[in-house]
Amino acid sequence: MAGVEGRVIAVTGAGGGLGREYALLLASSGAKVVINDLGGLRDGTGAGTAMADQVADEITKAGGQAVAHYESIATEDGAASLVQTALNAFGSIDGVVNNAGILRDQAFHKMTPDGWESVLQVHLFGSFYVTRAAWPHFREQGHGRIVVATSTSGLFGNFGQANYSAAKNGLVGLINTLAIEGAKYHIMANAVAPIASTRMTADVAPQDILDTIPPGHVAPIVGHLLSDECTDTGMTFVVGGGQAHRVALFQNEGITFDHSLSIAEVTARWSQVTDMSKASLARPPFT
């Protein structure tokens with residue numbers, strides 16, 4: 001196979017915005033796509049079938065192959081049913097795009113446990129549930145592609161998004177480990193932090209700025225990460241507005257000591273600990 005042609009790929013949150021763009025591009029490139037969308041509002045409330053149906057119909061009318069799925073991936077059963085839908089409709093599952101998400105923005109001192117848990121449940125737990133349901137199939141067939149939607153909020157922080165930031169950075173940790181565990185089975189796991197104009201970002205910037213970051217600019221990067229040709233894994237990319245950048249951890253030279261330091265000694269040498277002028281790509285310890 002070449003690219004994503006003939007591959008079966010499930011896209012969560014594909015009823016609009018970025019997910020819809022991913023699904024349309026994948027289908028037009030020959031993939032068989034499962035369109036998952038709960039059909040709710042931005043904060044995760046409500047549900048409906050129209051959003052997923054509309055995208056699936058759009059694909060099939062254009063000559064592509066797609067089926068709709070309406071269950072919440074924030075539950076183990078809902079995620080399992082998504083993968084089962086792919087198996088029932090197309091006989092296999094080759095890739096997942098963990099794109100579904102909600103927002104419950106609030107300053108940290110006002111954040112409630114429900115506001116915290118609901119966001120992590122969709123973004124982080126949902127990605128775990130979907131990937132876990134697909135993982136045995138990837139291992140058995142010796143092929144799999146995983147893309148998770150992280151965020152610049154997760155990578156760098158953002159006021160009022162402690163819940164969202166924690167979930168999104170958690171996804172980076174998830175793909176880092178999946179890349180290690182999946183390597184021998186040719187399972188590639190990567191993260192994309194999109195910068196795009198969608199209903200999730202409708203109130204975060206002026207319209208003239210939003211007009212320069214259409215979601216369609218992100219889709220080709222996601223498509224490549226799902227392709228047979230992609231052999232990169234464990235990487236994170238910031239994509240949007242006609243730009244694509246890899247983001248990675250770096251570490252500096254730091255300090256080395258042969259005795260237990262006092263607080264005063266640490267204070268005296270703190271500039272060495274924080275100096276990044278000679279930093280290099282970070283590597284796992286003990287390797």
Side-chain angles (χ1 to χ4, degrees), residues 4 9 11-26 28-29 36-37 41-44 51 55 95-107 119-120 122-124 126-127 145-176 188-227 230 232-250:
V4 295
I9 300 171
V11 183
T12 69
L18 286 158
R20 174 180 173 273
E21 293 294 333
Y22 301 158
L24 292 177
L25 180 61
L26 292 169
S28 67
S29 301
N36 162 265
D37 204 291
L41 301 176
R42 191 172 74 164
D43 65 359
M51 293 179 70
V55 178
V96 295
V97 183
N98 291 301
N99 169 74
I102 65 171
L103 289 177
R104 299 278 180 91
D105 291 357
Q106 202 160 37
V119 170
L120 266 72
V122 175
H123 292 270
L124 187 57
S127 296
R145 296 291 184 270
I146 301 157
V147 177
V148 301
T150 185
S151 169
T152 53
S153 296
L155 298 175
F156 308 114
N158 193 33
F159 187 91
Q161 291 194 316
N163 48 5
Y164 185 78
S165 299
K168 290 305 194 182
N169 210 355
L171 288 169
V172 174
L174 175 63
I175 63 104
N176 286 343
M188 311 301 164
N190 293 285
V192 170
I195 300 174
S197 175
T198 69
R199 69 172 181 168
M200 297 282 278
T201 59
D203 53 3
V204 303
Q207 190 58 49
D208 60 333
I209 299 297
L210 295 175
D211 289 342
T212 67
I213 50 173
H217 284 182
V218 183
I221 303 296
V222 173
H224 169 73
L225 294 174
L226 293 162
S227 71
C230 179
D232 289 317
T233 191
M235 295 188 183
T236 299
F237 303 90
V238 175
V239 184
Q243 298 184 26
H245 307 270
R246 181 185 172 193
V247 176
L249 290 175
F250 281 71

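In terms of modelled atom types and a separation under 3.5 Å, the side chain of His123 and the main chain of Lys168 share no donor-acceptor contact. Panel note: side chain Arg145, backbone Cys230; a donor-acceptor pair is recorded below 3.5 Å. Using a distance-only test at 3.5 Å, with no hydrogens or angles considered, a donor-acceptor pair links the side chain of Thr233 to the main chain of Ala189. Remark: the backbone N or O of His224 is paired with a side-chain donor or acceptor of Ser227 at under 3.5 angstrom.
Phe237 is listed as a side-chain neighbour of Leu225, based on a closest heavy-atom distance under 4.5 Å. Residues Leu103 and Val119 fail the side-chain proximity criterion, which asks for heavy atoms closer than 4.5 Å. Using a 4.5 Å heavy-atom cutoff, the side chains of Leu171 and Asn98 are not in contact. Contact of the Val238 side chain with the Ile195 side chain is registered, since non-hydrogen atoms from C-beta on lie closer than 4.5 Å.
To the nearest 0.5 Å, the span separating CG on Asn190 from CD1 on Ile146 amounts to 9.5 Å. Between the CG atom of Leu26 and the CD atom of Glu21 there is a distance of 11.0 Å, given to the nearest 0.5 Å. Taking CD of Gln243 as the reference point, atom CD1 of Ile221 lies at 11.5 Å (rounded to 0.5 Å).
Taking all atoms of both residues into account, the shortest heavy-atom contact from Arg104 to Asn163 is O-ND2, 3.0 Å. Across all non-hydrogen atoms, the minimal contact from Ser153 to Tyr164 is CB-CD2, 3.9 Å. Residues Gly13 and Ala100 come closest through the heavy atom pair N-CB, 3.7 Å. Between Val122 and Gly101 the shortest heavy-atom distance is CG1-CA, 3.7 Å. Across all non-hydrogen atoms, the minimal contact from Val4 to Ser29 is CG2-CB, 3.7 Å. Of all non-hydrogen atoms in Thr152 and Ala193, the two that sit nearest each other are N-CB, 3.9 Å.
When each of Asn99, Thr236, Val147 is checked for a side chain to side chain contact (heavy atoms under 4.5 Å, CB included) with Val192, only Val147 meets the rule.
For Phe159, the CZ atom is loosely surrounded, since the number of other residues' heavy atoms within 6.0 Å does not exceed 12.
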